[in-house]
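In what follows, residues are counted from 1 in the order of the sequence shown.
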Amino acid sequence: MTARGEAFPPRPVRGVRARYVFQGGCPGAVADAVVDFEPWEEGVHLEVAAGATVYGGAASQEDLARYHAALAEGVRAELAEQLPDATVALALVVHRTGVHDVDTSEYAYRRAGQVAVREALALLGAGGASR
C-alpha cells in the first residue's frame with residue numbers, strides 16, 4: 001500500500017501479468033504482457049527490456065511501440081484513479097508482449113495497463129479496487 005504523498009511503487013514489483021481479453025464481437029480485444037514496476041524518477045517511464053519477447057501474431061516495431069505506449073497510458077490512468085495522492089515514480093519495463101493478428105489493439109493495451117496496476121497493487125498488499 002502507498003500512503004498519501006509516498007512514491008509508487010515503494011519497491012519493485014516484478015513479473016506482473018497485464019492481460020485483457022474481450023470476446024463480445026468481431027473484432028474482439030486482446031492484450032497480454034508481462035511487465036515490471038520499478039521505482040524510478042517521477043512519472044511513468046516506459047522501457048522494453050533487453051531480450052523482450054513477442055509471441056502470437058506478427059507485429060511491426062511501429063505496432064509494438066503503439067501497444068506499449070497504450071499500456072503505459074492505461075497504467076497512468078489507473079494510478080491516477082487508484083492512488084490520486086501518490087507521487088508516481090515508475091519505470092514500466094515490458095518483458096513480453098502478446099499479439100493477436102486481428103484482435104490486438106491500442107484499446108486492449110490501455111485496458112491491460114489498468115489491469116497491470118490492479119495486479120501490482122494486489123501484490124503490494126493494497127488490495128486495489130476491482131471492476
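A donor-acceptor pair shorter than 3.5 Å can be found between the side chains of Tyr55 and Asp32. Side-chain atoms of His95 and Thr53 form no donor-acceptor pair, as typed in the model, at a separation below 3.5 Å.
In the hydrophobic clustering of ILVMFWY residues, with side-chain heavy atoms under 4.5 Å counting as a link, Val115 and Leu123 come out apart. With hydrophobic clusters built from ILVMFWY side chains whose heavy atoms lie under 4.5 angstrom apart, Val21 does not share a cluster with Val54. No single ILVMFWY cluster, assembled from side-chain heavy atoms under 4.5 Å apart, contains both Val88 and Val93. Following chains of ILVMFWY side-chain contacts shorter than 4.5 Å, one can reach Tyr107 starting from Phe22, so the two form part of one hydrophobic cluster. Hydrophobic clustering (side-chain heavy atoms under 4.5 Å, transitive across Ile, Leu, Val, Met, Phe, Trp, Tyr) keeps Val48 apart from Trp40.
With salt bridges taken as basic N to acidic carboxylate O contacts below 4.0 Å, one links Arg14 and Glu38. Under 4.0 Å is where a charged nitrogen must lie from a carboxylate oxygen, and between Arg118 and Glu78 at least one such pair does.
Taking 4.5 Å as the limit, every side-chain heavy atom of Val34 sits out of range of all side-chain heavy atoms of Val16. Between Val117 and Phe37, the closest side-chain pair of non-hydrogen atoms falls below 4.5 Å. No side-chain heavy atom of Val30 sits under 4.5 Å from any side-chain heavy atom of Tyr20. Glu106 is not listed as a side-chain neighbour of Glu73, based on a closest heavy-atom distance of 4.5 Å or more. Between Pro12 and Pro39 there is a side-chain heavy-atom pair separated by less than 4.5 Å. In this structure, Leu79 and Leu90 have side chains that are in contact, with non-hydrogen atoms separated by less than 4.5 Å. You'll find the side chain of Thr87 reaches within 4.5 Å of the side chain of Glu42, heavy atoms only. Contact check for Leu121 versus Gln82: side-chain heavy atoms found under the 4.5 Å cut-off.
Nearest heavy-atom pair, Gly15 versus Asp36, reported as atom, atom and distance to 0.1 Å: N-OD1, 2.8 Å. Ala116 and Val35 get closest at one heavy-atom pair: CB-CG2, 4.4 Å. Counting all heavy atoms, side chain and backbone alike, Ala7 lies closest to Ala89 at CB-CB, 4.5 Å.
Between Tyr67 and Tyr109, the two ring planes are parallel [angle under 30°; tilted spans 30° to 60°].
Put simply, the side chain of Arg19 never gets that close to the backbone of Ala31: no donor and acceptor are under 3.5 Å apart.
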